[in-house]
S.K.: 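What follows is a structure written as structure tokens; I'll ask about it next.
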Amino acid sequence: MPELPEVETVRRGLQPAMEGAKIMKADVRRKDLRFPFQKDFVARLEGQTVKGLGRRAKYLMADLGSGDVLLMHLGMSGSFRVLNDDEKTPGKFHFSRSEDRAHDHVVFQMSSGAAIVFNDPRRFGSLLYASGDGLAHPRLAKLGPEPLAPGFDADYLFRITRRRRVAIKQLLMNSRLVVGVGNIYASEALFRARIRPRRAARSLSRADAARLVRGVRAVLTQAIRSGGTTLRDYLGTDGAPGYFRQRLYVYERRGKPCRRCGTPVRSFTQGQRSTYYCPSCQK
DNA sequence: ACGCCCTCCTGTTGGC
DNA sequence: TGCCAACAGGAGGGCG
């Protein structure tokens, strides 16, 4: 489900309910998600105050009073819902599109009175307790630069694309090289940069690399502003969808006219994922 | 080091 | 109408 803009939107939604509040109770209803819950996961969390809520790549990071961190990843279908006091009555609210409570796997009761519910039908998400600032955790240690940070610039992208035969779209989705760009925004960024997704990475000129950096940054920034993209499941912490879908240029628009030139959008499968592009605008 | 392929899991959809 | 294969926003891991 969620790429950087959706995760960032979730972070902003969770922040008021978590920051400065204590985790009174952590109700873990399964033994595992993507990974088994650590043995002492609940014991280490309960009673801790959340000092701040940050993000690295697609991980949410709750900084805890102990100096450690709670890492939260949404996988493909994970979502958080914040329930305030007046919304806690069962049946009075809806969480997911299907209103199916069966996949509410973890509930945090916060001292603020809010309940924070993690729901994840496919269970590719994960919640991990990590020591220190968490950046040395194996899952984070090898991540590439943040696409919206200064380190992701034309020089960097040009450099890492040299000698790589891999298709540029797949390179964009390689989190060791740049984080946060998933299947939707890779297609959208390439459209903005006017580069075909199948191009070998090493075929990009310096000018291509510069346009692609701008394309990635622009699409992510604009999507954050719209609260992310809701295709199917994704909902924010308040249950509202993201509105960037109506601003997509190519994703899920196969056969529809390109919003720039009118040529029908094409799609094909690349690395077992759908890719979309305009055969006229992108070279 | 790199590139390709498969896997985890459930729910929904589209084609016959 | 019903069945079932294909597919869905991530990413770890194995293999050549």
Side-chain angles (χ1 to χ4, degrees), chain A residues 1-10 30-36 55-60 71-80 95-105 118-128 137-144 147 159-189 197-203 219-220 223-224 226-236 241-245 247-248 250-255 267-276:
Chain A
M1 152 181 56
E3 303 182 37
L4 187 151
E6 291 74 38
V7 177
E8 179 59 23
T9 300
V10 169
R30 298 184 50 87
K31 68 176 194 326
D32 61 7
L33 291 171
R34 174 72 177 82
F35 307 106
R55 179 188 59 73
R56 170 78 174 107
K58 296 170 189 168
Y59 287 88
L60 294 167
L71 302 175
M72 299 173 277
H73 198 290
L74 302 175
M76 289 282 266
S77 62
S79 58
F80 280 99
F95 183 94
S96 57
R97 294 259 141 148
S98 58
E99 311 208 13
D100 182 355
R101 327 276 332 141
H103 304 296
D104 287 356
H105 303 310
F118 181 69
N119 178 287
D120 187 3
R122 293 177 72 180
R123 305 202 299 275
F124 292 163
S126 55
L127 301 182
L128 301 164
H137 189 280
R139 293 268 148 0
L140 303 193
K142 293 176 179 173
L143 293 174
R159 181 164 57 78
I160 64 171
T161 52
R162 296 310 88 190
R163 291 192 181 79
R164 287 180 187 264
R165 299 166 183 271
V166 72
I168 185 60
K169 189 216 177 195
Q170 293 179 279
L171 182 140
L172 280 182
M173 293 172 64
N174 181 344
S175 62
R176 289 174 175 238
L177 302 177
V178 60
V179 301
V181 183
N183 203 40
I184 298 178
Y185 299 112
S187 282
E188 293 295 313
R198 264 187 285 235
R199 288 262 304 274
R202 63 179 185 176
S203 78
V219 72
L220 296 179
I224 290 170
S226 297
T229 301
T230 296
L231 294 178
R232 296 168 189 84
D233 312 320
Y234 170 76
L235 296 174
Y243 297 101
F244 198 68
R245 189 181 192 176
R247 299 221 152 45
L248 297 174
V250 288
Y251 194 84
E252 274 204 332
R253 289 180 49 80
R254 177 184 191 154
S267 76
F268 65 100
T269 299
Q270 194 174 23
Q272 289 114 239
R273 326 295 299 244
S274 303
T275 298
Y276 298 82

S.K.: Does the side-chain ring of A:Phe124 sit on the six-membered ring of the C:dA11 base, less than 5.5 Å centre to centre and under 30° in tilt?
M.R.: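 Given the distance and angle limits, no, they do not stack.
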
S.K.: From C:dC7, B:dT10, C:dG10, pick the nucleotide closest to the side chain of A:Ser274?
M.R.: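 Of C:dC7, B:dT10, C:dG10, C:dC7 is nearest to the side chain of A:Ser274.
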
S.K.: Would A:Val166 and A:Asn174 count as a side chain to side chain contact (heavy atoms under 4.5 Å, CB included) if you check the C-alpha gap in whole Å, the side-chain angles of each, and the deciding distance to 0.1 Å?
M.R.: CA-CA 10 Å; A:Val166 72; A:Asn174 181 344; over 6 Å; no

S.K.: Considering only the P atoms, how many Å lie between B:dC6 and C:dA6, rounded to the nearest integer?
M.R.: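 Approximately 13 Å lies between the P atom of B:dC6 and that of C:dA6.
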
S.K.: Could you tell me how far apart A:Glu252 (CD) and B:dT12 (P) are, to the nearest whole angstrom?
M.R.: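 It works out to 16 Å between those atoms.
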
S.K.: Would you mind reading off the distance between A:Lys31 atom NZ and B:dC8 atom C1', rounded to a whole angstrom?
M.R.: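 Distance, rounded to whole Å: 13 Å.
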
S.K.: Measure the distance from CZ on A:Phe35 to P on B:dC8 and round it to the nearest whole Å.
M.R.: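 Answer to the nearest Å: 14 Å.
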
S.K.: Starting at atom NZ of A:Lys169, determine the distance to atom P of C:dG9, rounded to an integer number of angstrom.
M.R.: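 For the pair A:Lys169 NZ and C:dG9 P, the rounded distance is 8 Å.
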
S.K.: Take the protein atom CG of A:Leu177 and the nucleotide atom C1' of B:dA1, then report the distance between them rounded to whole Å.
M.R.: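 Taking atom C1' of B:dA1 as the reference, CG of A:Leu177 is at 11 Å.
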
S.K.: Out of B:dC4, C:dG10, B:dC9, which has the shortest distance to the side chain of A:Arg122?
M.R.: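 Given the options B:dC4, C:dG10, B:dC9, the side chain of A:Arg122 is closest to B:dC9.
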
S.K.: If I take atom CG in residue A:Asn119 and atom C1' in nucleotide B:dG11, what distance separates them, rounded to the nearest angstrom?
M.R.: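 Taking CG of A:Asn119 and C1' of B:dG11, I get 12 Å after rounding.
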
S.K.: Could you tell me whether the side chain of A:Pro5 reaches within less than 4.5 Å of the side chain of A:Tyr185, counting heavy atoms only?
M.R.: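 Counting from C-beta outward, A:Tyr185 and A:Pro5 do come under 4.5 Å.
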
S.K.: Taking C:dC7 as the reference, what is the distance to B:dC5 when you measure between their P atoms (whole Å, please)?
M.R.: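 Comparing P positions in B:dC5 and C:dC7 gives a spacing of 15 Å.
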
S.K.: Looking only at heavy atoms, what is the nearest atom pair of A:Thr9 and A:Ile224, with distance?
M.R.: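 Of all heavy-atom pairs spanning A:Thr9 and A:Ile224, the closest is OG1-O, 4.2 Å.
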
S.K.: In terms of the nearest nucleotide of DNA chain C, which residue is placed more toward the 5' end: A:Arg273 or A:Thr269?
M.R.: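 By nearest-heavy-atom nucleotide position, the 5'-most residue is A:Thr269.
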
S.K.: Look at the side chain of A:Arg123 against the base of B:dC9 and say whether a donor-acceptor pair falls under 3.5 Å; ignore hydrogens and angles.
M.R.: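 Checked by distance alone, the answer is no.
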
S.K.: Could you state the CG-C1' distance from A:Asp120 to B:dC9, rounded to the nearest angstrom?
M.R.: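 From A:Asp120 CG to B:dC9 C1': 9 Å.
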
S.K.: Of the nucleotides B:dC6, B:dC9, C:dG10, which has the atom closest to the A:Gln272 side chain?
M.R.: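 In terms of side-chain proximity for A:Gln272, the closest of B:dC6, B:dC9, C:dG10 is B:dC6.
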
S.K.: Measure from the side chain of A:His103, starting at C-beta and using heavy atoms only, and say which of C:dG9, B:dT10, B:dC8 lies closest.
M.R.: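 Ranking C:dG9, B:dT10, B:dC8 by closest atom to the A:His103 side chain puts B:dT10 first.
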
S.K.: List the atom of A:Leu60, the atom of A:Phe80, and the distance in Å for their closest heavy-atom pair.
M.R.: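 In terms of heavy atoms, the two residues are closest at CD1-CE1, 4.1 Å.
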
S.K.: Between atom CD in A:Gln170 and atom C1' in C:dA11, what is the gap in whole Å?
M.R.: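 To the nearest whole Å, that distance equals 14 Å.
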
S.K.: Is the shortest distance from a Lys or Arg side-chain nitrogen in A:Glu188 or A:Arg247 to a carboxylate oxygen in the other one below 4.0 Å?
M.R.: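 Not counted as a salt bridge, because no side-chain N and carboxylate O are separated by less than 4.0 Å.
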
S.K.: Quick one: which of C:dG10, B:dG3, C:dG12 gets closest to the side chain of A:Arg164?
M.R.: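 Of C:dG10, B:dG3, C:dG12, B:dG3 is nearest to the side chain of A:Arg164.
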
S.K.: Could you check A:Val166 against A:Arg34 and say which one's nearest nucleotide on DNA chain B is further toward the 5' end?
M.R.: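 The residue mapped nearer the 5' terminus is A:Val166.
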
S.K.: Can you confirm whether the side chains of A:Glu3 and A:Tyr234 place a donor and an acceptor under 3.5 Å from each other?
M.R.: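 No pair is found: no donor N or O on one side chain lies under 3.5 Å from an acceptor on the other.
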
S.K.: With respect to the side chain of A:Arg232, which nucleotide from B:dC4, C:dG12, C:dA8 is positioned closest?
M.R.: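 Selected nucleotide (nearest to the side chain): C:dA8.
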
S.K.: Who is the Watson-Crick or G-U wobble partner of C:dC7, with both distances under 3.5 Å?
M.R.: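 Answer to the pairing question: B:dG11, which forms a Watson-Crick or G-U pair with C:dC7.
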
S.K.: Would you say C:dG10 has OP1 or OP2 under 4.0 Å from some side-chain N or O of A:His73?
M.R.: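 Result: no.
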
S.K.: Below 4.0 angstrom from OP1 or OP2 of C:dG13, is there any side-chain N or O of A:Arg139?
M.R.: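 Checking A:Arg139 against C:dG13: at least one side-chain N or O falls below 4.0 Å of OP1 or OP2.
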
S.K.: Identify whether any heavy atom of A:Tyr59 sits under 4.0 Å from a base atom; if not, whether one sits that close to sugar-phosphate; answer base, sugar-phosphate or nothing.
M.R.: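 Since only primed, P, OP1 and OP2 atoms lie under 4.0 Å of A:Tyr59, the category is sugar-phosphate.
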
